[in-house]
Peer 1: 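For reference, the structure I am asking about is given below.
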Amino acid sequence: MENKSKKTENSIIRSKIMKSVKQKNTGPEMIVRKILSGLGYRYRLYRKDLPGTPDIVFVNRKKAIFINGCFWHRHNCPKASIPKTNKKYWENKFKDNVIRDQDNYLKLKELGWRVFVVWQCELHDLNKISRKLVRFIEGKKEKSHL
Ligand SMILES: [Zn+2]
């Protein structure tokens with residue numbers, strides 16, 4: 001019995017990892033792209049020449065959007081649970097991810113870019129995230145929203 005539950009737990013963790021590994025054209029990104037296209041915005045994808053390869057980029061406006069999975073990028077929400085097995089390993093791994101994210105955002109800002117992070121869980125309220133996106137894209141003076 002114990003063996004079985006361990007197996008289940010491992011496979012849950014594995015599927016969480018698979019989902020959170022940075023992939024192109026994943027669900028959350030497609031939702032954000034659809035929102036932006038629907039609003040008539042034109043954008044570029046995955047600019048590798050910019051720190052952190054932002055998911056969506058408005059070149060002329062110098063604005064970059066990252067669509068972050070809550071688990072992998074450690075959002076302050078229930079989706080960002082820590083796996084019960086190998087806790088220390090995961091804590092270190094997550095710490096590295098968070099540091100790398102912050103480092104990329106800082107580098108972008110130093111280059112004069114503004115950065116907006118869409119968290120996966122925010123996509124449950126499409127109206128709200130659409131308004132936030134428009135405010136970020138159209139906004140001129142406000143600071144980066146992270
Ligand atoms: Zn979240």
Side-chain angles (χ1 to χ4, degrees), residues 5-48 50-59 61-146:
S5 74
K6 191 139 201 118
K7 224 176 187 175
T8 312
E9 190 182 14
N10 280 341
S11 78
I12 291 168
I13 293 168
R14 202 164 31 240
S15 79
K16 271 190 183 175
I17 297 163
M18 293 303 287
K19 274 184 210 153
S20 53
V21 166
K22 187 148 181 158
Q23 294 169 325
K24 287 185 177 182
N25 304 321
T26 57
E29 285 177 30
M30 292 309 287
I31 294 172
V32 174
R33 278 153 65 176
K34 265 191 198 141
I35 292 172
L36 294 173
S37 304
L39 292 166
Y41 288 114
R42 305 286 299 266
Y43 47 81
R44 298 301 190 93
L45 302 172
Y46 313 117
R47 282 288 295 255
K48 290 203 177 69
L50 291 172
T53 313
D55 298 309
I56 292 172
V57 162
F58 296 89
V59 178
R61 299 171 192 258
K62 287 194 101 170
K63 289 179 182 178
I65 296 173
F66 290 88
I67 296 122
N68 285 354
C70 298
F71 177 76
W72 203 242
H73 295 269
R74 309 319 288 162
H75 191 212
N76 185 21
C77 81
K79 277 181 185 279
S81 60
I82 295 177
K84 286 192 183 77
T85 47
N86 299 324
K87 210 165 174 225
K88 263 259 125 24
Y89 165 82
W90 286 109
E91 279 170 353
N92 285 330
K93 189 126 194 88
F94 291 148
K95 205 161 77 189
D96 289 347
N97 287 347
V98 171
I99 289 169
R100 190 169 46 234
D101 284 344
Q102 294 302 326
D103 192 47
N104 285 329
Y105 304 154
L106 194 68
K107 279 184 191 150
L108 277 165
K109 283 194 244 178
E110 281 168 359
L111 292 168
W113 285 75
R114 262 172 289 165
V115 176
F116 185 85
V117 173
V118 176
W119 292 100
Q120 177 192 357
C121 66
E122 290 185 290
L123 296 172
H124 293 309
D125 188 340
L126 292 182
N127 284 327
K128 194 172 174 192
I129 194 64
S130 302
R131 283 198 302 274
K132 277 179 155 185
L133 284 165
V134 170
R135 218 179 302 141
F136 170 70
I137 296 162
E138 298 299 333
K140 289 189 167 66
K141 288 201 177 88
E142 78 261 50
K143 290 196 178 96
S144 289
H145 165 89
L146 291 176

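Counting starts at 1 for both ligands and their atoms, in listed order.
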Peer 1: Give me the protein N, O or S atoms that fall under 2.8 Å of the Zn ion (ligand 1), sorted by chain and residue number.
Peer 2: Cys70 SG, His75 ND1, Cys77 SG, Cys121 SG
Peer 1: List in chain and number order the residues that pass side chain to side chain donor-acceptor pair (under 3.5 Å) with Asn104, two or more places apart in sequence or in another chain; answer none if no residue qualifies.
Peer 2: none
Peer 1: Rounded to the nearest 0.5 Å, what's the gap from CG on Leu126 to NE2 on His124? Could you check?
Peer 2: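 With rounding to 0.5 Å, CG (Leu126) is 10.0 Å from NE2 (His124).
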Peer 1: For the pair Lys63 (side chain) and Gly139 (backbone), establish whether a donor and an acceptor sit closer than 3.5 Å, ignoring hydrogens and angles.
Peer 2: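 Judged by distance alone, yes, a pair lies under 3.5 Å.
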Peer 1: Just wondering, more than 12 heavy atoms not from Asn76 lying within 6.0 Å of its CG?
Peer 2: no
Peer 1: Under the salt bridge (Lys or Arg N to Asp or Glu O under 4.0 Å) test, which residues partner Arg131, sequence neighbours left out?
Peer 2: none
Peer 1: Can you list the residues that meet the salt bridge (Lys or Arg N to Asp or Glu O under 4.0 Å) rule with Asp103, with sequence neighbours excluded?
Peer 2: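 Salt bridge (Lys or Arg N to Asp or Glu O under 4.0 Å) check on Asp103 returns Lys107.
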